Structures are given as structure tokens and as C-alpha cells.
Amino acid sequence: MLSERVAGVEWGPSVDRSWLSELNPQQREAATYPDGPVLVIAGAGSGKTKTLACRVAWLLQQGVPADRILLLTFTRRAAAEMLDRASRITGPGATGRIWGGTFHSIANRLLRQYGRSLGLAPEFTVIDQGDAADLMDLIRTELGLTESRKRFPQKGTLAALYSRSVNSRTKVSEVARRHFPWTEDSLEGITQVFRVYTERKRRSLLLDYDDLLLFWRALAIAPGVGDEVADRFDHILVDEYQDTNSIQAEILQGMRRTRPQMMVVGDDAQSIYSFRAATVRNILDFPQQFPGAAVVKLEQNYRSTQPILDASNAVMARATERYEKNLFTLRGGVSKPVLTTCLDEGEQCSAVCDRILSKREEGIALRDQAILFRTGHHSDQLEVELSRRNIPFLKFGGLKFVEAAHVKDMLALVRLLDNPRDELSWHRVLQLLEGIGPASARRIVAQISGSAPATEESEGEADTVEVVDPLHRFLSQPPAVPAAAQEDIASLRAALTDCLEGDPPVASQIERIRRFYEPIFRRLYENPSVRLRDLDSLEQIASGCPSRAQFLSDLALDPPASTQDLAGPPLLDEDYLILSTIHSSKGSEWDAVHLIHVSDGNIPSDLATGSEAEIEEERRLLYVAMTRARDALYLYFPLRYYNRPRGRGDRHSYAQLTRFIPPEDWHYYEREGSHQSTPVDAAGTGDPKTDAAAAVDALLGDLWS
DNA sequence: CATTTATAAATTTTT
DNA sequence: TTTATAAATG
């Protein structure tokens, strides 16, 4: 008899299940769990991706139709990787119709299809947090809040406050008090801005990231259509559950109100997104929120050597609150992680580069090594050094190309064609024209969007106030503009007309828009050559998109994650090093990991030491970084920081090793570098004067830090 | 009055 | 390198 019972499931003789034997018992239990709901607690390196990929393959082999499986991940890249692994088991093509992506991108997809039943027009435009901030800024000036004598919070702060309040479903005043205390004086103005902001979004057919979740939640709990949407999926799988927020948990509850088939996977020790209102409670409360839920724990680490795991576990052992878990590995290994003390950042740069090159000599390719850091700019100086030494690299996290002003300009132009009611884009585009600033832009927008007295009573159509769309009004009734702007506005109108007539392909619309934009671009920016490449990339991306709407949604929801910032010529098959923020490194692993700036003030970040909870999150961040390493882990720590950024000034301050690695834990590491004993008082730089000064300054620093 | 130009200041992590 | 505010210009 060839068929056999595996975790309660009958297997036919024709199905190849050899791949299942590669899983350990817990992984197999998770991958073949009959229905759900089930929570998988997956420690770092415990084969979480493999398990999820196997579950997908298993479901397909069970006969679940691909388009009835929903796989929610943290990034689109993660979804693609998982589906790729699944298709290696099931054969190519089988995973193609699976719904895979982030909560936000799936929301976008569902709302285009079902949004109408919620009163949401399907041609809405998705705006990112930067756009949201810009819109709030616009409203802030309109309301005259900039002229008040008290300083009003910056637009970025406003957007962060708003988003956190929405996602945690907490009152603005409460969020302000706890996380943005300096804004408390302006609360009245802030709530006013938020009120107008929501009105304006609706009127302009804009959805921000938070709206995508809120509307999906509304869709999932709606009486009629909610059933239809929930019934679309036989199985729902969620990765990185520790980094979801309460709205996302409610979405899942709505989506699973009649069916139990759901699996969520996460690790509370790797929760690092509470600034986005993610909450560990989702994991802890899962059994209550989804009655009858089973819990499976994956505790065997397949990634790291024992010494690396020991050091990482020591960091987490000092956490105030954690979910008990016994992570173990069968991988031996004798080399401890190395903790290198450097005199200053320059020495850190050369230490890292030297080590990377010597690892490469040992046979560890650049692509199997990574440099990780807390914030995007921590790698600035290192990037210069890498380029100087001709070490090619690819950087993840930090500034993205969609955030560059010239890219935003181009996108605003495209958006107008797609959604003429998008006031934010109108403002941006109009101010590109010579002689038009905020005031003229506002006047023109009012005129063409119909809120001006120009709106005749709209006869029959009682409930549609805007009969004529602003774009056509802009083209048919040219608004009065200052003399200086005449020429620019004429060329803008010509460009827009060309893009509308005959509905040409997306790429040629972009090309036409670029032809309009380039002269303005050259006038606006000093060194156009570097930025010009970005415009090329935009055209490149557009050429692969079937529609304008898709082009815009893709860029808003899944912006290119890395800078094209290769030190050498960007050859695809070339060996290159990975540079990444710790946040962006989530889910990845490398043979050798180099973690830089492991000092107090960087980890934990000075900006995150406000509350106990924030410090604990920084601790988990360090843990996540350390557990990315398979065979070798290097921590670097510069003693001295120059106060004046890249100035030649001598003023500097002294840092201490991160508080998460106290002296009692130093035995987990191999110590090396300029200072052999303690980071602050040792000799050995060959310059007694410097050392003495270092010791004195550090002593003083202790008194008031 | 609106816009442009000049000057000074600030800068987490991301869908 | 971007962004807020102040002074100068059209």
C-alpha cells in the first residue's frame, strides 16, 4: 500500500511527497496542518520560509486551486521568493495564479474590484506617506497655521502622528502625548489639519496606505459583499505576523468569519515595527481572537553556528518580556563572533573593508556577505571607501528613488492623466511652471476643480457636482496666469493633450511628458546629469506596465528597494556586496555579517530611548541583525565620533559600546582592535595624548549622559 | 501681493 | 541634500 497517513491526510500513490521528508517533525506538522487556524512560532533561522513554501506546495497538491490561496507577506520580494520555492516543488507555472503580496497591495487589488460597493470609485490613486505629508503641508498653509507664533509640527511629523493614530486606533491626543510630546501644544491645529486632510483625500480620490487597510477592513466586514470577498479564498497564509497591526488582525478576522483555514507565522523576538503600530499582541492574543487555534513551535535553528546563537540568545535573555522559546542548533562551530573596537569611523571603514576582502580570499563571495546598520546614513562614509577600493555593492533601505523630487514631478504629471481630481498633483505640477507659486496654484486649482463660482447648476445630475473633470476644463478653458507663466502653461497643455488623444501606450505617454518636463528640469536642478538617469529608469519601468494605473500603483506600493548605486559598472552577474538597514534585512541571511556602529546612541538610537518599550524594540533590532549570520559575525564599534559632519574640525565626542552587550556578556565574543580591555580606558593607539583625552572625556561624559 | 532668491538649520526604522 | 524662514524683487 503506497498511500499513507501523514498528519491526518490521505496521500495518493501518484503524488511525489519526497520533499516532505526534508522537513523536521514540527515543520512538517505546520506544512501539512489540515485547516487552521494555526499559529506558527518560528524562531530566527528555523526554516520559516521553507515551511511556508512547502505548505503552499502541499495545498496545491491537495487540489486547492491556486487562485484561492492568499499569501500575505511583508514585502513583494518575500512573496515572490516564497512562490518561487514552492514552484520548485510543484513544477513551474503552478503558483502563478496565487494571490501573493503585502496587505497593502492585496487591498489595492481587491478594492479596484469590489470598491464600488463601498462607494469607492475604482480609479482611485494610491499615495505614499511622503505624498500624505505633502498634502498635510498644503492644508497646513491653507489654514494659516504656519503663521502662528508657536512652531507648528513639521509635515513628516504630522503624517507619522496621523498614521500611528489610525493604525493603532488610538486617539490623536493619546498618541501625541506618548510618542510626539513636543506636538501637544498644537493639538487643536493638528486635528483641524487631519479633518481637512480626510475630506480632501475623498474629494481628490486619493487613498493613503492607511486607507487601503481601512477600506479592506470595511470591505471584509460589510454584510453582503464581505461574504463574497471572504469566500474567494480557501486558505490564507500570513508571514511576519509579529509585525502586523490591529487593523490587519481585524481584516483577517473578517476574511475568516466563516472559514477556519488560516495560518500565521511569526516570532515575537523579531518584532521591530511598532513605530508603524505593529503589536506583538496579535501573536499573543491569536488563540483568543481565533478560537480553536493550534500553536506549532519551530525551535531548531538551521542557520547559525552555536557561538553566534549563544551571543544572540544572550542579548535576548536580558529582555524584560518575551515569549519562552528554546532555540537550539545542531551546527557546531568554534569561532566566536568578533567584536572590533575602532578608534573612529575612518578606522571602522578600513577594518570592515579589509575583513571583507580577506573573507573573499577565503572563498566567501561578496554576495554572501552583508553590512548591516541601524539607519540609512550610517553607511555614508563606508560607501565612499568601498567605491574607492572598487568593491561593488547594492544598498537596501535608506532613500529611495521615488522620493527624489524630479521623480515625484514626473509621477505627478502622470497621475493627472489617470486621476484628474488629484489636487495634490495639480499643485505640484502647476508650481513647476515659471512664475507660479503656491498662491497662483491654489487659485487655478479652485477654478478648474469646480469649487469656484464657475460651476453652473448641473441640471439633471443632482448628485454629481463635478460634471466636467478638471483636466478637460484645464484644457478647454485656459486659466488666467501671470505673464511669465504663459509659455510654460501652453506647453503643459500641449503635452497633456497629446497624452490623452488616441490613448497611446504608457511608455510613449511617459516619453511625451518627459519632453515637456526636461527643460523645466534643467532650469530647476544644478547637476541634471545624475538625475537624468532616474528619468531613464522611469521610462524603463513604464515600458513593462500594461496600463497607466498599474504603473502608478506599482510604484506607490512597491517602490524599487535598492539604490542603483553600484560602485562599479552595474553588471547583473557581477559579484557585489549587500548593504542594508537592519529593518530591510529582515528575512535574509548571509555567510558573513558585518554589523557597524554598535554603540549606544546608534543601537539603541538616541531618538528611541524615550520609553522602556522603545528600548526593548532596539534590543530586538540588534537580535535580528545578529541572527542574520550563518558562519561569521563581526561587530564594529567606533570610539570617537566627530561632531562636525565631514568637517575637518577636531571636535568630537566619545561613544560607549551598546548597552545590550554588557561586560558580563563579553566572553561570548573575540575582542580585538585599538582597545583591548574596555572601550573607554585602554591604551594602544600609539598616541598617549589621544588616549588620555579619550579616557577623560569618557569619564566626563558618564557624568551627564 | 506673489514669487524668487538667500540664508540658516536639521536629518530613524517602512508599507 | 533637503527644508523652513527672511529679505529682496517684480
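This one's a predicted model, so the numbers in the text were calculated from it and none came from an experiment.
Counting to the nearest Å, the P atom of B/dT14 and the CD atom of A/Gln270 are 16 Å from each other. What separates NE2 of A/His597 from P of B/dT12 is a distance of 15 Å, to the nearest Å. Remark: C1' of B/dT14 and CD of A/Glu617 are 12 Å apart, rounded to the nearest angstrom. Between A/Lys586 atom NZ and B/dT15 atom C1' there is a gap of 10 Å when expressed in whole angstrom units. For the pair A/His427 NE2 and B/dT3 P, the interatomic distance rounds to 12 Å; values are reported in whole Å. Spacing between atom NE2 of A/His377 and atom P of C/dT2 amounts to 16 Å, rounded to whole angstrom units. Note: CD (A/Glu434) to C1' (B/dT5) measures 13 Å, nearest angstrom. Here the P atom of nucleotide C/dA4 and the CG atom of A/Asp134 are 10 Å apart, to the nearest Å.
Map A/Gln154 and A/Ser105 each onto its nearest nucleotide of DNA chain B; the residue landing nearer the 5' end is A/Gln154. Closest-nucleotide positions on DNA chain B for A/Ser440 and A/Thr102 were compared, and the one nearer the 5' end corresponds to A/Ser440.
As the counterpart of B/dT11, no nucleotide is assigned, since no Watson-Crick or G-U wobble pattern has both distances under 3.5 Å.
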- Message: Could you go through A/Lys586 and A/Asp243, starting from their C-alpha distance and side-chain angles, then the distance that decides it, and tell me whether this counts as salt bridge (charged side-chain N to carboxylate O under 4.0 Å, His left out)?
- Response: CA-CA 11 Å; A/Lys586 195 170 74 163; A/Asp243 287 322; 2.7 Å; yes

- Verdict with reasoning, A/Phe74 to A/Phe103, per ring-ring contact (aromatic ring centres under 6.0 Å, His included): CA-CA 8 Å; A/Phe74 204 68; A/Phe103 271 88; 9.5 Å; no

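The closest side-chain donor-acceptor pair between A/Ser553 and A/Arg112 falls under 3.5 angstrom.
Counting any heavy atom pair closer than 4.0 Å across all strands shown, A/Phe74 reaches sugar-phosphate atoms only and no base atom. Within 4.0 Å (heavy atoms only), A/Ile436 reaches sugar-phosphate atoms of the nucleic acid but no base atom.
B/dT13 has its base stacked against the ring of A/Phe275, the centroids being under 5.5 angstrom apart at an interplanar angle below 30°.
Residues A/Tyr517 and A/His406 have side chains in contact (heavy-atom distance under 4.5 Å, counting atoms from C-beta outward).
Other residues, nucleotides and ligands contribute only 12 or fewer heavy atoms inside 6.0 Å of the CZ atom of A/Arg178.
Proximity note for A/Lys155 (side chain, C-beta onward) versus B/dT15, B/dT3, C/dA4: the nearest is C/dA4.
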